[in-house]
Amino acid sequence: MTGRVLPFGPSSPIIQAPMAGGGATPALAAAVSRAGGLGFLAAGYRTAQDVRREIAAVRERTDRPFGVNVFVPDFAAARREPGDAAALARYREELVPEAERHGVTLPEAPAWDDDEWDAKIGLLVDERVPVAGFTFGCPPPEVTARLHEAGSVIMVMVNTPWEAVAAAEAGADAVIVQSSGAGGHQAAFLNPPPSWPPTWEAPDDLPELVALVREATDVPLVAAGGIMDGADVAAVLAAGAVAAQLGTAFLRTPESGTHPVHKAALADPRFTRTAFTRAFSGRTARGLANRFMAEHEASAPACYPQVHHLTKGLRRAAAEHGDPEAMALWCGRGYRRCRDLPAAALVEALMEELGAARV
């Protein structure tokens, strides 16, 4: 489907990002959808049965459209060289003192897995979810065909114009254009094609990136990355987006499942900046710069999701012990503008600010 409108009916151009790891909850997704936006559940790091229960919980709260986001596995990663195992072993040894500090034992040899890909696709089809979102890649044509037959709208997150073109060709009804200012993992999944310079870098400015992607494809675009208020929304809509996806802006809402230690860190003056790291998961992600990142970023191997599995027990223990210096405090550049508001009130405030910015 092409055009400048989304192929479903939110009454406001506000989409709540599917924050994997606990941030996205049924309560949050339902509240945003009831307020006229589009709420999202995150299937990443959850079992298919857990996601099924969360879908039911959203439907108990609202009959408005909502989305479920799934991680696309990098199946090539399962066939990598033995050097990855050696790099993981070295990194595990480096993290042993961290684990001892928090009273946990690190897994011996965390393995690659596909995050229950087949089961989750089957679940989306069975549940006929209104919107199926994908991160870290494009679903193959046979998957998009099944989802379209089930009545789902397909949205794929991209970082570059060529990824947007690939997503549209794979059957995406809309693409989410993610800038480097976004919190959490970057979604990049394709190297530049021969027609693009191999050293090409996406602009940091989100409206500029949206405009570049708008030139490459005519599918509807959703902008994501550092959007915190209605003026930010107005800027990306003016650049060619039809909606804005916000994650960090919802982290401090009471409906968010973000850990209290994480929520507190967003307002803690000792955390002064964000940075990219792969120290927690093996894949580049943005979060509050803390001690763990400073000490381990240089040696963390690019092995996702193995590094995620290696550190998840340690991160959980750090949260239980109230230690934000060893947690993955995912957030975008605009984290200081987080508002402690109920989700519906935040959507209302965003729409009021958008209206004022357009005057």
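Please read all numbers here as calculations on a predicted model, not as lab measurements. Index from 1, following the sequence.
- Taking a cutoff of 4.0 Å between a charged side-chain nitrogen and a carboxylate oxygen, Arg358 and Glu352 do not qualify as a salt bridge.
- Rounding to the nearest 0.5 Å gives a distance of 12.0 Å between CD of Gln306 and OG1 of Thr311.
- The number of heavy-atom neighbours closer than 6.0 Å to CD of Glu142, taken from other residues, nucleotides and ligands shown, is above 12.
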- prompt: Can you check side-chain contact (heavy atoms from CB on, under 4.5 Å) on Thr284 and Thr277, steps first, answer last?
  reply: CA-CA 5 Å; Thr284 300; Thr277 186; over 6 Å; no
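- Side chains of Pro13 and Leu354 form a contact here, defined as non-hydrogen atoms less than 4.5 Å apart.
- Looking at Pro203 and Leu212, their side chains come closer than 4.5 Å, going by heavy atoms from C-beta outward.
- The heavy-atom pair separating Ala150 from Val125 by the smallest distance is CB-O, 3.8 Å.
- Atoms CG and CG, on Leu123 and Asp118 in that order, are 12.5 Å from each other to the nearest 0.5 Å.
- With Glu353 contributing its side chain and Gly230 its backbone, the two residues share a donor-acceptor pair below 3.5 Å.
- Arg336 contributes a side-chain N or O that, together with a main-chain N or O of Leu266, makes up a donor-acceptor pair within less than 3.5 Å.
- In this structure the side chain of Thr274 never reaches within 4.5 angstrom of the side chain of Met293, judged on heavy atoms.
- Relative orientation of the Phe136 and His185 rings is perpendicular, given thresholds of 30° and 60° on the angle between their planes.
- Residues Thr135 and Asn69 have side chains that bring a donor and an acceptor to within less than 3.5 angstrom of each other.
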message: Before you tell me yes or no, could you show the steps for Val72 and Trp117 under side-chain contact (heavy atoms from CB on, under 4.5 Å), namely the whole-Å CA-CA distance, both residues' side-chain angles and the distance that decides it to 0.1 Å?
response: CA-CA 7 Å; Val72 179; Trp117 168 257; 4.0 Å; yes
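- Residue pairs satisfying the salt bridge (Lys or Arg N to Asp or Glu O under 4.0 Å) criterion with at least one member in residues 92-108, sequence neighbours excluded, are listed as follows: Arg92-Glu108, Glu98-Arg101, Glu98-Arg291.
- Phe276 and Val158 sit in two unconnected hydrophobic clusters of ILVMFWY residues. Membership requires side-chain heavy atoms under 4.5 Å apart, directly or through other members.
- For the pair Ala187 and Asn159, the tightest heavy-atom approach, listed with the atom from each and the gap, is N-OD1, 3.1 Å.
- For the pair Pro73 and Trp112, the minimum side-chain heavy-atom distance is below 4.5 Å.
- Residues Met228 and Leu28 fall into different hydrophobic clusters, defined by Ile, Leu, Val, Met, Phe, Trp and Tyr side chains chained together at heavy-atom separations under 4.5 Å.
- Under the 4.5 Å side-chain criterion, counting only non-hydrogen atoms from C-beta, Leu106 is in contact with Leu95.
- Proximity of a side-chain donor or acceptor of Arg61 to a complementary backbone N or O of Ala56 within less than 3.5 Å is not detected.
- A distance-only check finds no donor-acceptor pair linking the side chain of Ser33 to the backbone of Ala30 [under 3.5 Å].
- Looking at Asp84 and Pro301, their side chains never come closer than 4.5 Å, going by heavy atoms from C-beta outward.
- Thr62 and Arg34 share no side-chain donor-acceptor pair at under 3.5 Å.
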field: Derivation and outcome, side-chain contact (heavy atoms from CB on, under 4.5 Å), residues Ile227 and Leu206
entry: CA-CA 9 Å; Ile227 301 172; Leu206 178 57; 3.7 Å; yes
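- Taking the six-membered ring where the residue is Trp, Trp200 and Trp196 present perpendicular rings, their angle passing 60° and hence far from 30°.
- One finds the CD atom of Glu116 at 12.0 Å from the CD1 atom of Ile121 (value rounded to the nearest 0.5 Å).
- Panel note: side chain Asp113, backbone Pro305; no donor-acceptor pair is recorded below 3.5 Å.
- When all heavy atoms of Ala132 and Leu147 are compared, the pair lying nearest together is CB-CD1, 4.1 Å.
- Counting only distance, with no hydrogens or angles, the side chain of His102 and the backbone of Val104 share no donor-acceptor pair below 3.5 Å.
- Here the closest non-hydrogen pair linking Val242 and Pro220 is CG2-CB, 4.0 Å.
- Under a 3.5 Å cut-off, the side chain of Thr253 and the backbone N or O of Phe250 do form a donor-acceptor pair.
- The backbone N or O of Arg252 lies less than 3.5 Å from no partner atom in the side chain of Ser256, so there is not a single donor-acceptor pair.
- Only one option out of Asp114, Asp50, Asp115 pairs with Lys120 in a salt bridge (Lys or Arg N to Asp or Glu O under 4.0 Å); it is Asp115.
- Atom CG of residue Asp74 and atom CZ of residue Phe189 lie 11.5 Å apart, to the nearest 0.5 angstrom.
- Applying the salt bridge (Lys or Arg N to Asp or Glu O under 4.0 Å) definition to pairs two or more places apart or across chains, those involving residues 306-331 are Arg270-Glu325.
- Expressed to the nearest 0.5 Å, how far CG of Leu251 lies from OH of Tyr335 amounts to 12.5 Å.
- Side-chain contact check for Gln178 versus Met157: some heavy-atom pair is nearer than 4.5 Å.
- A salt bridge links Arg337 with Asp232: at least one charged nitrogen is closer than 4.0 Å to a carboxylate oxygen.
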query: Stepwise, does the side-chain contact (heavy atoms from CB on, under 4.5 Å) test hold for Leu41 with Ile55?
result: CA-CA 8 Å; Leu41 294 174; Ile55 290 171; 4.0 Å; yes
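- Counting all heavy atoms, side chain and backbone alike, Ala20 lies closest to Gly44 at CB-O, 4.0 Å.
- Cluster membership for Val165 and Val175, using ILVMFWY side-chain heavy atoms within less than 4.5 angstrom, is not shared.
- Checking side-chain atoms of His262 against main-chain N and O of Trp330 turns up a donor-acceptor pair under 3.5 Å.
- Between Asp173 atom CG and Ile154 atom CD1 the span is 6.0 Å, to the nearest 0.5 Å.
- The two residues Arg146 and Gly122 make their nearest non-hydrogen contact at NH2-CA, 3.9 Å.
- Side-chain N or O atoms of Glu255 include one that pairs as donor or acceptor with a backbone N or O of Ala343 at under 3.5 Å.
- The closest side-chain heavy-atom distance from Tyr91 to Cys303 is not below 4.5 Å.
- Ion pairing between a basic and an acidic side chain is recognised when a charged N comes within 4.0 Å of a carboxylate O; Glu54 and Arg46 show such pairing.
- When ring centroids are compared, Phe292 and Phe280 come within the 6.0 Å threshold.
- Between Tyr45 and His308, the angle of the ring planes stays under 30°, which puts this pair in the parallel group of the 30/60° scheme.
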